[in-house]
There are 4 protein chains.
Amino acid sequence: MPVLGKTRKEVLTEFRMEELLEAARKLFAEKGFHGATVDKIADAAGVAKGTVYLYYRSKRAIYWAALERGIAAMIEEVQTQVDAEETLEGKIRAFITIKLCYFERNRDFFKIYISEFGSAFTHPVQIRKRFGDLYLRQARVLEALLREGIKRKAIRSIRADTAALAISDLTRGIITQRLLGWSKGGVESDIRFIFDLVWKGIAAP
Amino acid sequence: MPVLGKTRKEVLTEFRMEELLEAARKLFAEKGFHGATVDKIADAAGVAKGTVYLYYRSKRAIYWAALERGIAAMIEEVQTQVDAEETLEGKIRAFITIKLCYFERNRDFFKIYISEFGSAFTHPVQIRKRFGDLYLRQARVLEALLREGIKRKAIRSIRADTAALAISDLTRGIITQRLLGWSKGGVESDIRFIFDLVWKGIAAP
Amino acid sequence: MPVLGKTRKEVLTEFRMEELLEAARKLFAEKGFHGATVDKIADAAGVAKGTVYLYYRSKRAIYWAALERGIAAMIEEVQTQVDAEETLEGKIRAFITIKLCYFERNRDFFKIYISEFGSAFTHPVQIRKRFGDLYLRQARVLEALLREGIKRKAIRSIRADTAALAISDLTRGIITQRLLGWSKGGVESDIRFIFDLVWKGIAAP
Amino acid sequence: MPVLGKTRKEVLTEFRMEELLEAARKLFAEKGFHGATVDKIADAAGVAKGTVYLYYRSKRAIYWAALERGIAAMIEEVQTQVDAEETLEGKIRAFITIKLCYFERNRDFFKIYISEFGSAFTHPVQIRKRFGDLYLRQARVLEALLREGIKRKAIRSIRADTAALAISDLTRGIITQRLLGWSKGGVESDIRFIFDLVWKGIAAP
DNA sequence: TATGAATGAGAGTTCATTCAT
DNA sequence: CATGAATGAACTCTCATTCAT
């Protein structure tokens, strides 16, 4: 009997998938794709090995689900917060802030995210493309902002796509530094640092 | 019989290690750490599998050797060129330029380098630390420059260590974009882009 | 409420078993015992996997049921037609003809039948014996004919049991050839071929 | 240093392959393809599991090697003995005799052989074809004899290809009966039975 | 009665590492 | 010093069977 548009079965399925995803996320983050075994994922999720395959077609599929889910959630959060800001400056600052905060809150996910980055070159083309698309999608949120700023002469005339990726790189980089314990400053300080660098770097004279 | 301070044996050993390293670099770059098998590395180097273990203690050891060797060579090249420049601006530009060119010339190495970055979080602490030290060493070349610039008031008062890492991130990022085919501009254009962003971002007002 | 000696429940049970058998027969024929999964059998029969086990104790049990059922039906058909013939020659010809036609009509069953033959040696003794009994039962229909023929001097003095099996082998062989596309002749031609060979081979001089 | 055209390595390789084949043959015969595990084959051959894969690419490959090897040896033996006979009658009798004796001597092989027969319909087309070719090859030895006999009017005008397969079926059938303990007669008696049936069945009037 | 989610033993295969030659 | 055959632990994935609902 469907309740709220979902049958009992669907709810259970969703629950199991989420449970498995959570366990997988933790393990992938801790040990990387190869280090995490399906056995351990099943164990961590509290189910038998075979059960994993009732919900995901392969180990890779779980990995992808974790990755895609995380990026999608991040994009959504970023987009929402950027939209909530009124000034261009505020929007760009929000972009940096939210990404940084999101990753701080989802460290496990960030580790998978960054690891996939590292594998970008060794994966088959189609997998690489799939991740690329995902990654570029979030960069494009920023790109649109930059383009608007350039049009309004608030930002000097630069390649908006490259700049967007560069800002993403900076943000990603600072998070890496934080997680590795290389950055001594607080989050606030790090955000301010990145933003200042970027804003001074791209603002119209 | 020692020649130039090296015995015949030492020369041969060095030669074999180099040969193996080259083969390994190519394979690690192409297939990643897990995808590259010792069998294939031995094959590519033209020796038997067992021979590999006469020169390196493990597969990981080869990987590390490839990584360390590459980073050391890069640092050296960067240092030399930075020293050759006279102005602060020139030195910073050189830092970016040389790194970018070095990686363009040594794509195989870059792929390993970037991949290790991705694994930074899944490795045991001591391995992570070892890579960190290596990575930070090159950043410190830049950090010293920035510190000097700040002292001379050519650069505004920023955290030199964080800034150095940020500039490294930017450089690494643009190379990634280039290798993935995301950057449409030429090398010159990319260098100029990064440098402008950085210089405007950090220069004293 | 019993109807025609069967309760409603019994009718339903029989119906389900038949339905499952049909589905199983098709799958076993197509993929062999190991290739056919209980999942697919259940699917093909339009029931859930668990339901299968309400009607059959195991996958093997379904297989056996399919096999026994098929052989029993064949024996019945053969016996009926043989009885309908009047001459010895006619009876033997009928034996060959009916078997061949039966298998032509029930190719799925034949594939299982022939496959079980192949496994005859790898099965545990009791299973082997069970199949043997089944197989020998049909041969005995023929054996009886031969024995009668020998007594009446229409057939030369041969070992009736061995001859019966030999004729069965010939018949089985020709069907195999037909199903594998090795026999170019029509059914009629194949029947005539076998019968001539056999009749000339066993007839009294 | 090559000795007798074979290097030490080649001899060792051949030895291991033979050793594995023997172990595999026994297990396949006893348990069938699915029942025999690579683990057990390795065990029986006295090597580790991984070693098996140094000599054969897959479990299937071992199976095929066993099958092909056995059939080839049989064909050779049959051909040699058939050639040694002078009369047509003698040749046909030799064909039956040698096959029967070969299988009596190589029971393990026969079990695999017969089992493959059973799987003929469930295997992919190319595998089926491969076995078919192998099987037909031995039948063709006989076919040539029959064709010659027909030309010389010693044999009545029959389809030589179908007859050859039929005689093969008879031979195979009698061996099956023997191995299953259904045939009470001695080898001699069985051979005579088959030959008489066949010869009377095909001889010109 | 019917379901299908859950199980977990067990399959084939790979590969870093060792060691006798 | 060089070899490469041998190892065996570890991997992912399958599927017959069970059992709570």
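Protein chains get the first letters and strands the later ones, always in sequence-line order, with residue 1 at the start of each.
Of the candidates F:dA6, E:dA6, E:dA16, the closest approach to any side-chain atom of B:V38 belongs to E:dA16.
If you find the closest nucleotide of DNA chain E to C:A48 and to D:K59, the one lying nearer the 5' end belongs to C:A48. Comparing A:T37 and D:L12 by the nucleotide of DNA chain F whose heavy atom lies nearest to each, the residue mapping closer to the 5' end is D:L12. Nearest-nucleotide positions on DNA chain E place C:G46 closer to the 5' end than the other of C:G46 and D:S58. Annotation: of the two residues near DNA chain F, D:V52 and A:A36, the 5′-most nearest-nucleotide partner is D:V52.
Rounded to whole Å, atom P of F:dC1 lies 11 Å from atom CZ of B:R16. Rounded to an integer number of Å, the gap from C:E14 CD to E:dT1 P is 16 Å. One interatomic measurement links the two molecules: CG of A:L54 to P of E:dT3, which rounds to 18 Å at whole-angstrom precision. Between the C1' atom of E:dA2 and the CE atom of C:M17 lies a distance of 16 Å, rounded to the nearest Å. Atom-to-atom, NZ of A:K40 to C1' of F:dC13 comes out at 17 Å; the value is rounded to the nearest Å. If you measure from atom NZ of D:K31 to atom P of E:dG12, you get 13 Å, rounded to the nearest angstrom. Rounded to whole Å, atom P of F:dT12 lies 14 Å from atom OH of A:Y63. Atom OH in D:Y56 sits roughly 17 Å away from atom P in E:dT14 (whole-Å rounding).
Under a cutoff of 6.0 Å and an axis angle of 45°, C:R107 and C:F110 do not form a cation-pi pair.
Under a 4.0 Å N-O distance rule, the pair C:E116/C:R130 does not qualify as a salt bridge.
In this structure, C:Y113 and C:I71 have side chains that are in contact, with non-hydrogen atoms separated by less than 4.5 Å. Under the 4.5 Å side-chain criterion, counting only non-hydrogen atoms from C-beta, C:Y55 is not in contact with C:I62. Looking only at side-chain heavy atoms (C-beta outward), C:E19 and C:F15 come within less than 4.5 Å of each other.
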Acceptor/donor pairs from residues 30-52 of chain D side chains to any protein atom, 3.5 angstrom cut, sequence neighbours excluded:
{"residue": "D:H34", "atom": "ND1", "partner": "C:H34", "partner atom": "ND1", "Å": "3.2"}
{"residue": "D:T37", "atom": "OG1", "partner": "D:K40", "partner atom": "N", "Å": "3.1"}
{"residue": "D:D39", "atom": "OD2", "partner": "D:K49", "partner atom": "NZ", "Å": "3.4"}
{"residue": "D:T51", "atom": "OG1", "partner": "D:A48", "partner atom": "O", "Å": "3.4"}

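A donor-acceptor pair under 3.5 Å is formed between the side chain of B:S58 and the backbone N or O of B:A61.
Residue contacts shown for C:K9 are absent, as no nucleic acid heavy atom lies under 4.0 Å away. At the heavy-atom level, A:A61 lies nowhere under 4.0 Å from the strands shown.
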Atom pairs under 3.5 Å, N or O on each side, protein against nucleotides 18-21 of chain F: can you list them with distances?
none

| Stepwise salt bridge (charged side-chain N to carboxylate O under 4.0 Å, His left out) check, A:R69 with A:E18 | CA-CA 10 Å; A:R69 160 84 56 114; A:E18 200 52 52; 2.6 Å; yes
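Taking the six-membered ring for Trp and the full ring otherwise, the centers of C:Y63 and C:F28 sit less than 6.0 Å from each other.
Close to F:dT12, at under 4.0 Å from its OP1 or OP2, lies no side-chain N or O of A:R60. OP1 or OP2 of E:dT3 sits under 4.0 Å from a side-chain N or O of C:T51.
Helical stems in DNA chain F, defined as runs of 3 or more consecutive Watson-Crick or G-U wobble pairs with both donor-acceptor distances under 3.5 Å, are listed by first residue as E:2-21 with F:2-21.
Within 6.0 Å of NZ on D:K59 lie more than 12 heavy atoms contributed by other residues, nucleotides or ligands.
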